[in-house]
Engineer: 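Structure in structure tokens, see below.
Note that the numbering runs from 1 along the sequence shown for the chain. What you see is a predicted model; the values in this text were computed from it and never measured. Just so it is clear, the values below take in all heavy atoms, side chains as well, and ignore hydrogens, waters and symmetry mates.
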Amino acid sequence: MLNQYISVLTLASKQAPIAKYAWGLVALAAAAAIIATMIGYSRLAIIAVSLVILGTVLVIVLSQLIISASSNVITIAIVLIWSIVIFFIIFLMFTVSAFAFGQPCNWADFLQIRSACGGGGSGGGDADTSKVVRATVLGDEVSVFAGGPGEPNPGCQNRTAETCVMPKHGGKLILGTQRFTVSKRIGGEDRASASELPYANEQRICYEVKVTTGACEERHLLEGYPSATEEYLAKVNPKAS
């Protein structure tokens, strides 16, 4: 399927040279997809997608500059380019300031960084404030087996399943606290095991459960679930305590 898309884009580039700039958009989209895979489908992923949209604007502007010699188009292109450059500068300044000083508070809260405003609470003494809370969250339990009663002999198959743990309170997972808990096992670890998948991040940690069998008449089974510690901001009212 991917080869078909590439062939269509290549043919379009030959028929209309301006279409070659679409390759830049493909590269930007691929970069955003890789970032989303590595950091999870979180607010940071939204930022990555937004950058792809800005990249699309740049592709359109630059392509118009190539095919048009109109002074009006060039003026509009220059304004758009400088607007995007200024936006990126402000974006980088705000992001660095949020990580270094916890300000601006709204941007730090959006990035789920501990802000200088104490987690986003503002107002008088009767207003809600926020505190950092840590809690254990669980992923879905899986049950994987291979061989045993009901399985074809010969012809039984090895089986795998994937299960993930994700934040449940709008916070982030603390890397290093994840684990896979085995609730039931039939057979040794060489036949039934769970291994953490790569690219674990603060929004998604996954495990692959794999069960193999050497003799089809023997049942090998593994049941369990992933878990991790989630850190999130919980609102508390001083008057209620």
Side-chain angles (χ1 to χ4, degrees), residues 1-6 26-49 52 99 111-114 131-234:
M1 184 65 70
L2 181 59
N3 290 334
Q4 294 178 357
Y5 295 147
I6 294 176
V26 171
L28 290 171
I34 294 173
I35 293 173
T37 301
M38 298 182 67
I39 68 178
Y41 299 93
S42 61
R43 294 173 180 177
L44 292 179
I46 296 175
I47 296 175
V49 174
V52 170
F99 275 96
L111 295 177
Q112 297 179 342
I113 305 169
R114 188 173 301 177
K131 68 175 182 179
V132 178
V133 177
R134 291 188 175 186
T136 300
V137 291
L138 309 179
D140 294 333
E141 185 173 17
V142 293
S143 178
V144 185
F145 71 92
E151 291 285 275
N153 188 1
C156 57
Q157 297 180 350
N158 301 330
R159 289 187 172 89
T160 61
E162 182 178 317
T163 180
C164 302
V165 57
M166 294 176 286
K168 296 185 178 181
H169 305 92
K172 62 181 180 180
L173 301 177
I174 301 177
L175 298 179
T177 64
Q178 67 268 28
R179 58 174 298 183
F180 186 89
T181 301
V182 176
S183 53
K184 184 178 181 180
R185 184 199 300 272
I186 299 177
E189 293 186 5
D190 58 328
R191 294 293 185 184
S193 61
S195 57
E196 182 179 331
L197 295 176
Y199 306 119
N201 56 73
E202 296 177 344
Q203 296 298 318
R204 188 181 180 93
I205 300 174
C206 298
Y207 287 83
E208 181 185 60
V209 179
K210 183 176 182 180
V211 179
T212 61
T213 180
C216 292
E217 64 273 10
E218 296 180 359
R219 170 61 58 92
H220 296 273
L221 177 142
L222 183 65
E223 295 180 354
Y225 56 89
S227 63
T229 299
E230 178 185 0
E231 183 179 81
Y232 61 96
L233 292 175

Engineer: Per the disulfide (SG to SG under 2.5 Å) rule, what does the pair list look like for residues 136-168, sequence neighbours excluded?
Structural biologist: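 Output for this query lists Cys156-Cys216, Cys164-Cys206.
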
Engineer: For Arg159, what residues pass the salt bridge (charged side-chain N to carboxylate O under 4.0 Å, His left out) criterion, not counting sequence neighbours?
Structural biologist: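 Partners of Arg159 under the salt bridge (charged side-chain N to carboxylate O under 4.0 Å, His left out) test: Glu151.
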
Engineer: How far does CD1 of Ile205 sit from CZ of Arg179, to the nearest 0.5 angstrom?
Structural biologist: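 Answer rounded to 0.5 Å: 13.5 Å.
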
Engineer: For Gln157, is the CD atom crowded, meaning more than 12 foreign heavy atoms sit under 6.0 Å from it?
Structural biologist: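 No, CD of Gln157 has 12 or fewer neighbouring heavy atoms, counting only those of other groups under 6.0 Å.
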
Engineer: How far does OG1 of Thr229 sit from CG of Leu175, to the nearest 0.5 angstrom?
Structural biologist: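 Atom-to-atom, Thr229:OG1 and Leu175:CG are 11.0 Å apart.
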
Engineer: Look up atom CD1 in Ile174 and atom CD in Glu230, then write down how far apart they are to the nearest 0.5 Å.
Structural biologist: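 Rounded to the nearest 0.5 Å, the CD1-CD separation comes to 9.0 Å.
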
Engineer: Tell me, do Pro226 and Gln178 make a side-chain contact under 4.5 Å, heavy atoms counted?
Structural biologist: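 Not touching, per the 4.5 Å side-chain cut-off.
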
Engineer: Specify the closest pair of heavy atoms between Leu197 and Glu208, including all atoms of both residues, with the distance to one decimal.
Structural biologist: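 For Leu197 versus Glu208, the nearest heavy atoms are CD2-CB, 3.7 Å.
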
Engineer: Filter on salt bridge (charged side-chain N to carboxylate O under 4.0 Å, His left out), then keep only pairs touching residues 133-142, sequence neighbours left out; what's left?
Structural biologist: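 Output for this query lists Arg134-Glu231.
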
Engineer: Roughly how far, to the nearest 0.5 Å, is OH of Tyr232 from NZ of Lys131?
Structural biologist: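 Atom-to-atom, Lys131:NZ and Tyr232:OH are 9.0 Å apart.
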
Engineer: Hey, what do you get for NE2 (His220) to OG1 (Thr213), rounding to the nearest 0.5 Å?
Structural biologist: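 These two atoms lie 4.0 Å from each other.
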
Engineer: If every non-hydrogen atom of Phe145 is compared with every non-hydrogen atom of Val211, which pair is closest and at what distance?
Structural biologist: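 Of all heavy-atom pairs spanning Phe145 and Val211, the closest is C-CG1, 4.0 Å.
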
Engineer: Search all heavy atoms of Val144 against all heavy atoms of Thr160 and return the closest pair with its distance.
Structural biologist: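 That closest heavy-atom pairing would be CG1-N, 4.3 Å.
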
Engineer: For Leu222 and Ala194, work out which heavy atoms get closest and say how close.
Structural biologist: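 Closest pair (atom of Leu222, atom of Ala194, distance): CD2-N, 4.0 Å.
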
Engineer: May I ask you to decide if Ala192's main-chain N or O and Arg185's side chain share a donor-acceptor pair within less than 3.5 Å?
Structural biologist: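 Between the backbone of Ala192 and the side chain of Arg185 there is a qualifying donor-acceptor contact (under 3.5 Å).
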
Engineer: Using the ring of each side chain (for Trp, its six-membered ring), is Tyr207 parallel, tilted or perpendicular to Phe180, with breaks at 30° and 60°?
Structural biologist: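 Ring orientation of Tyr207 relative to Phe180: tilted.
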
Engineer: Rounded to the nearest 0.5 Å, what separates atom CG in Leu221 from atom CD1 in Ile186?
Structural biologist: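 Between Leu221 CG and Ile186 CD1, I get 4.5 Å after rounding to 0.5 Å.
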
Engineer: Taking Ser183 for its side chain and Glu223 for its backbone only, find out whether a donor-acceptor pair lies under 3.5 Å.
Structural biologist: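 Side chain of Ser183 to backbone of Glu223, a donor-acceptor pair under 3.5 Å: yes, one is there.
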
Engineer: For the backbone of Asn158 and the side chain of Lys210, can you confirm whether one donor and one acceptor N or O come within less than 3.5 Å of each other?
Structural biologist: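 No, the answer is negative, given that no donor and acceptor are paired below the 3.5 Å cut-off.
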
Engineer: Mind checking whether Val165 and Val137 have side chains closer than 4.5 Å, heavy atoms only?
Structural biologist: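 Yes, at least one pair of side-chain atoms sits under 4.5 Å.
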
